[in-house]
Amino acid sequence: MANSRYSDLDRPPLNAAALNRALVRPGSLWTGVTVVESTGSTNADLAGAAKEGAQEGSVLVAEAQAAGRGRLGRSWSAPPRSGLTFSILLRPQVPLASQGWLTLMYGVAAASAVRRLAEVDVRLKWPNDLLVGERKLAGVLAERADDAVVIGMGLNVSLKPDELPVETATSLDIEQAACLDRDPLLRAVLREVESHYHDWVDAKGDAEASGLRSAYLATSATVGRQVRVELPGDQALTGRASGIDQWGHLQVESGGEHYTLSAGDVVHVRAA
C-alpha cells in the first residue's frame with residue numbers, strides 16, 4: 001500500500017474516465033483527457049503529440065512531473081498529487097500576431113475559475129502568473145509545436161509551507177481556500193478556458209472585440225503598479241505599468257518615455 005496511488009488519502013488520484021465523461025462531448029473544445037502517473041513534462045509530451053497530428057482539445061494531466069519548467073527556463077516541482085499539472089493543445093485559426101494573447105486568455109480563465117470555486121482573490125501578474133497577494137499560486141507556460149500551441153499550467157493546491165518550491169509561492173491550502181478538490185478545480189479551469197477561447201476565436205483573435213482585453217485588465221495585479229522588468233541581455237526597466245496593448249504587450253512609463261514590452265520578468269515594486 002505504501003506505493004499505492006491511494007497511500008495518501010489527503011491527495012487522492014484523478015479519475016480520467018470521470019473527467020472525460022464531464023468534459024468531452026459533441027461540440028466541446030475538449031477531445032480527450034489523459035491522466036498519467038508521472039512524466040518529465042506534460043508540455044514536452046503534448047508538443048510531441050501535436051507534431052504527430054494530435055487533435056485540438058487534447059489534455060494531458062500528470063500526477064507528478066519530473067522535469068517541469070516555468071518561464072525563462074526555471075525548474076518547477078511539487079509532491080505527487082499536491083497540485084494540478086497539465087497541458088492543453090490548441091490549433092487556433094486566428095492571425096499569428098494575435099496569438100500572443102493565448103497565455104493571457106488562459107490566465108484570465110484560470111484565475112476566474114479558481115476565484116469562483118476556491119473563493120480566493122486571484123490576480124494576474126503580467127503576462128500570466130496567478131497571484132494571491134504577492135505570492136505565486138500558479139504559472140502558465142506556452143510553446144509552439146508546428147501549427148499548434150501547447151499551454152501548460154502548474155497550480156499549487158494542497159502544498160504545505162515546507163513543500164513550497166520557493167518562499168514566494170503559495171497554495172490553495174495555505175490560503176484556506178473553499179475548495180481543495182482537484183477534480184472540480186480542473187473541470188472549472190478547462191470550462192472557463194473553453195468559453196474564453198471560443199469567444200476569442202469567434203472574434204478572429206481580436207482581444208478588444210472578444211472582451212478579453214477588458215477581462216485581463218480587470219484581473220491584472222500589474223497594471224497601475226510600479227514595476228521593475230528584467231529584460232533579455234541583463235537589462236532592466238523600472239517604471240509604472242500603464243496598460244496592455246492590442247497584442248497583449250505590457251506598456252510601461254519610465255523617465256517620461258513610453259515603452260512597449262513583449263517579453264520580460266516583472267517584479268512588483270512595493271510603494272515606499
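Using modelled atom types, one side-chain atom of S171 and one backbone atom of I174 make a donor-acceptor pair closer than 3.5 Å. Panel note: side chain N156, backbone L159; no donor-acceptor pair is recorded below 3.5 Å. A donor-acceptor pair is defined here as one N or O able to donate and one able to accept, closer than 3.5 Å; such a pair exists between the side chain of N43 and the backbone of L141. A donor-acceptor pair under 3.5 Å is absent between the side-chain atoms of R182 and the main chain of S158, judged by distance alone. Using a distance-only test at 3.5 Å, with no hydrogens or angles considered, no donor-acceptor pair links the side chain of W200 to the main chain of M105. No donor-acceptor distance shorter than 3.5 angstrom exists from the side chain of E56 to the backbone of L29, with no hydrogens or angles considered. Checked by atom type and distance alone, the side chain of Q65 pairs as donor or acceptor with a backbone atom of T42 at under 3.5 Å. No side-chain donor-acceptor contact under 3.5 Å links R115 to the backbone of A110. Panel note: side chain S112, backbone A109; no donor-acceptor pair is recorded below 3.5 Å. The backbone N or O of V24 lies less than 3.5 Å from no partner atom in the side chain of S28, so there is not a single donor-acceptor pair.
Atom CG of D162 sits in a crowded spot, with more than 12 heavy atoms from other residues, nucleotides or ligands closer than 6.0 Å.
Contacts classified as side chain to side chain donor-acceptor pair (under 3.5 Å) and involving residues 16-27 (residues at least two apart or in different chains) are not found.
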Name each donor-acceptor pair under 3.5 Å that joins a side chain in residues 247-258 to protein atoms two or more places apart or in another chain, with its distance.
from, atom 1, to, atom 2, distance (Å)
H249, ND1, D245, OD2, 3.4
S254, OG, T238, O, 2.6

Please set out all donor-acceptor pairs under 3.5 angstrom arising from side-chain atoms of residues 205-212, sequence neighbours excluded.
from, atom 1, to, atom 2, distance (Å)
D206, OD1, E208, N, 2.9
D206, OD1, A209, N, 3.0
E208, OE1, R213, NH1, 3.2
S210, OG, D206, O, 3.0
S210, OG, A207, O, 3.4
S210, OG, L212, N, 3.4

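Looking at heavy atoms from C-beta onward, L190 lies out of side-chain contact with E194 at the 4.5 angstrom threshold. Between M153 and L84 there is no side-chain heavy-atom pair separated by less than 4.5 Å.
For the atom pair CG of L124 and CG of D129, the computed distance is 8.5 Å after rounding to the nearest 0.5 Å. In this structure, K136 NZ and L130 CG are separated by 9.5 Å, a value rounded to the nearest 0.5 Å. Within the model, atoms CG of L131 and NE2 of H268 stand 6.5 Å from one another, a figure rounded to the nearest 0.5 Å. In this structure, E230 CD and Q235 CD are separated by 10.5 Å, a value rounded to the nearest 0.5 Å.
With sequence neighbours excluded, the residues that form a salt bridge (charged side-chain N to carboxylate O under 4.0 Å, His left out) with R225 are E134. D202 meets the salt bridge (charged side-chain N to carboxylate O under 4.0 Å, His left out) test with no other residue; sequence neighbours excluded. Evaluation of the side chain to side chain donor-acceptor pair (under 3.5 Å) rule for S220 yields no partner, not counting sequence neighbours. Under the salt bridge (charged side-chain N to carboxylate O under 4.0 Å, His left out) criterion, E192 pairs with R116, sequence neighbours left out. When the side chain to side chain donor-acceptor pair (under 3.5 Å) test is applied to K160, the partners found at least two apart in sequence or on another chain are D173. When the side chain to side chain donor-acceptor pair (under 3.5 Å) test is applied to T103, the partners found at least two apart in sequence or on another chain are N128. For Y259, the side chain to side chain donor-acceptor pair (under 3.5 Å) criterion is met by no residue, not counting sequence neighbours. Taking E119 as the reference, nothing meets the salt bridge (charged side-chain N to carboxylate O under 4.0 Å, His left out) condition, with sequence neighbours excluded.
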**OP:** Begin with the C-alpha distance, continue with both residues' side-chain angles, and end with the deciding distance and a verdict on side-chain contact (heavy atoms from CB on, under 4.5 Å) for V193 and V189.
**Re:** CA-CA 6 Å; V193 168; V189 169; 4.2 Å; yes
Original post:
Is there a side-chain contact (heavy atoms from CB on, under 4.5 Å) between W101 and I244 once you walk through the steps?
Top reply: CA-CA 11 Å; W101 273 101; I244 304 292; 3.7 Å; yes
**OP:** Decide yes or no on side-chain contact (heavy atoms from CB on, under 4.5 Å) for L155 and L137, but give the supporting numbers first.
**Re:** CA-CA 6 Å; L155 171 68; L137 179 69; 3.7 Å; yes
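Ring geometry for Y106 versus F86: interplanar angle of 30 to 60°, hence tilted.
Under the 4.5 angstrom side-chain criterion for Ile, Leu, Val, Met, Phe, Trp and Tyr, the cluster partners of V36 are L46, L60, L89, V150.
Scanning all heavy atoms of the two residues, the minimum distance from S58 to A54 falls at OG-CB, 4.3 Å. Residues R228 and A236 share a closest heavy-atom pair of CG-CB, 4.4 Å. Closest heavy-atom contact between L90 and L102: CD1-CD2, 3.9 Å.
Hydrophobic clustering, with ILVMFWY side chains joined whenever heavy atoms are under 4.5 angstrom apart, keeps V267 apart from L237.
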